[in-house]
Amino acid sequence: MKKLILTLLVALPMSVFAQKFAHFNSAEIIQAMPEYTAAQTEMQNQGKQYEEELKRMQDELRTKAEEYQKNEATMVDAVKQRRMQELEDLNQRLEQYYQTSQQELQKLQQTKLAEITEKVQKAVKEVGVAGGYVYIMDVTAGIPYISDTLSTDVTSQVKTKLGLK
């Protein structure tokens, strides 16, 4: 019985060292993906459309404000109040549009990046299973130290799995 326990205690540290660890760089992989480039282009185009509409609304507000200031002295009070209310309403619509457009851009970014990240995670899992790795860590996640001698860099394998160069 003592021999069995002694053998287990000696073999246990060896089995720990037999485990395989790997790491990869998700930022490098994601930036190489055509889906990422397409998502960036789509977000930029959407952002430009929002900016153009916002500029149009700002120009409209500026024009109406200038017209109001130019004619304010000759307006009756009822017309002044109605025009002031129109300017305030337009300003509120402009602010609401800005907030909504920012939220929509953020939602689009989250959706696109979630799709890309999911694809990368699936490829990492496949590489991990095929390579028999215990852990595969992402170096862009802020891990303070990863030993290059004890951990294998599988970034290129993940890229290959995703069909990237």
Side-chain angles (χ1 to χ4, degrees), residues 3-64 88-165:
K3 287 184 182 181
L4 178 63
I5 293 174
L6 186 59
T7 305
L8 284 174
L9 289 175
V10 170
L12 184 62
M14 286 189 234
S15 67
V16 170
F17 289 116
Q19 295 176 348
K20 293 171 63 178
F21 299 95
H23 59 276
F24 71 105
N25 186 332
S26 65
E28 180 182 327
I29 294 167
I30 289 172
Q31 290 175 357
M33 295 175 71
E35 294 93 335
Y36 178 75
T37 305
Q40 289 293 96
T41 301
E42 184 178 343
M43 288 184 288
Q44 287 173 351
N45 291 339
Q46 190 72 34
K48 284 179 185 176
Q49 288 179 2
Y50 287 140
E51 283 179 29
E52 290 170 3
E53 180 62 19
L54 192 61
K55 185 179 181 327
R56 187 196 63 73
M57 291 174 79
Q58 288 172 335
D59 290 345
E60 181 183 355
L61 178 62
R62 185 176 21 265
T63 302
K64 287 188 176 190
E88 287 176 17
D89 290 346
L90 188 56
N91 189 45
Q92 285 180 342
R93 281 194 349 248
L94 192 143
E95 289 177 13
Q96 181 63 39
Y97 181 79
Y98 176 77
Q99 290 174 356
T100 302
S101 65
Q102 293 301 308
Q103 289 170 354
E104 290 296 320
L105 280 175
Q106 193 172 39
K107 189 186 304 182
L108 178 64
Q109 181 181 16
Q110 288 173 347
T111 301
K112 293 296 180 181
L113 288 180
E115 293 168 3
I116 292 167
T117 302
E118 185 178 318
K119 194 172 182 179
V120 170
Q121 287 175 345
K122 182 180 176 197
V124 168
K125 184 176 181 180
E126 290 173 5
V127 167
V129 169
Y133 294 103
V134 176
Y135 293 106
I136 299 181
M137 294 169 260
D138 184 358
V139 296
T140 58
I143 298 170
Y145 173 74
I146 295 178
S147 171
D148 290 335
T149 57
L150 298 176
S151 178
T152 305
D153 187 353
V154 294
T155 302
S156 61
Q157 293 173 27
V158 175
K159 282 183 171 181
T160 302
K161 193 62 103 173
L162 290 168
L164 306 171
K165 293 182 180 181

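Bear in mind that the values here come from a model prediction, so they are computed numbers and not experimental data. What's counted below: heavy atoms across the whole structure, side chains too, no hydrogens, waters or symmetry copies.
- Between Met33 and Lys159 the shortest side-chain heavy-atom distance does not fall below 4.5 Å.
- Taking 4.5 Å as the limit, every side-chain heavy atom of Lys55 sits out of range of all side-chain heavy atoms of Glu51.
- With respect to Glu60 and Arg56, a salt bridge is recorded, a charged nitrogen being found less than 4.0 Å from a carboxylate O.
- Tyr50 and Glu104 get closest at one heavy-atom pair: OH-CB, 3.3 Å.
- Looking only at distances, no side-chain donor or acceptor of Asp153 sits under 3.5 Å from a matching main-chain atom of Phe24.
- Considering only heavy atoms from C-beta on, Ser151 stays 4.5 Å or farther from Ile136 through its side chain.
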Item to check | Verdict with reasoning, Lys112 to Glu35, per salt bridge (Lys or Arg N to Asp or Glu O under 4.0 Å) | outcome: CA-CA 8 Å; Lys112 293 296 180 181; Glu35 294 93 335; over 6 Å; no

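- Contact between Gln31 and Tyr36 at its shortest, heavy atoms only, is CA-CD2, 3.8 Å.
- Heavy-atom minimum distance, Leu61 versus Leu94: CD2-CD1, 4.4 Å.
- Nearest approach of Asp138 to Ser26, heavy atoms of both residues: OD2-OG, 2.6 Å.
- Counting heavy atoms from C-beta on, the side chains of His23 and Asp148 come closer than 4.5 Å.
- Going from atom NZ of Lys107 over to atom CD of Gln102 covers 13.5 Å, rounded to the nearest 0.5 Å.
- Of all heavy-atom pairs between Ile116 and Ala39, the closest is CD1-CB, 4.3 Å.
- Taking CD of Gln19 as the reference point, atom OH of Tyr133 lies at 14.0 Å (rounded to 0.5 Å).
- In this structure, the side chain of Thr155 engages the main chain of Asn25 through a donor-acceptor pair within 3.5 Å.
- Proximity of a side-chain donor or acceptor of Thr152 to a complementary backbone N or O of Val154 within less than 3.5 Å is not detected.
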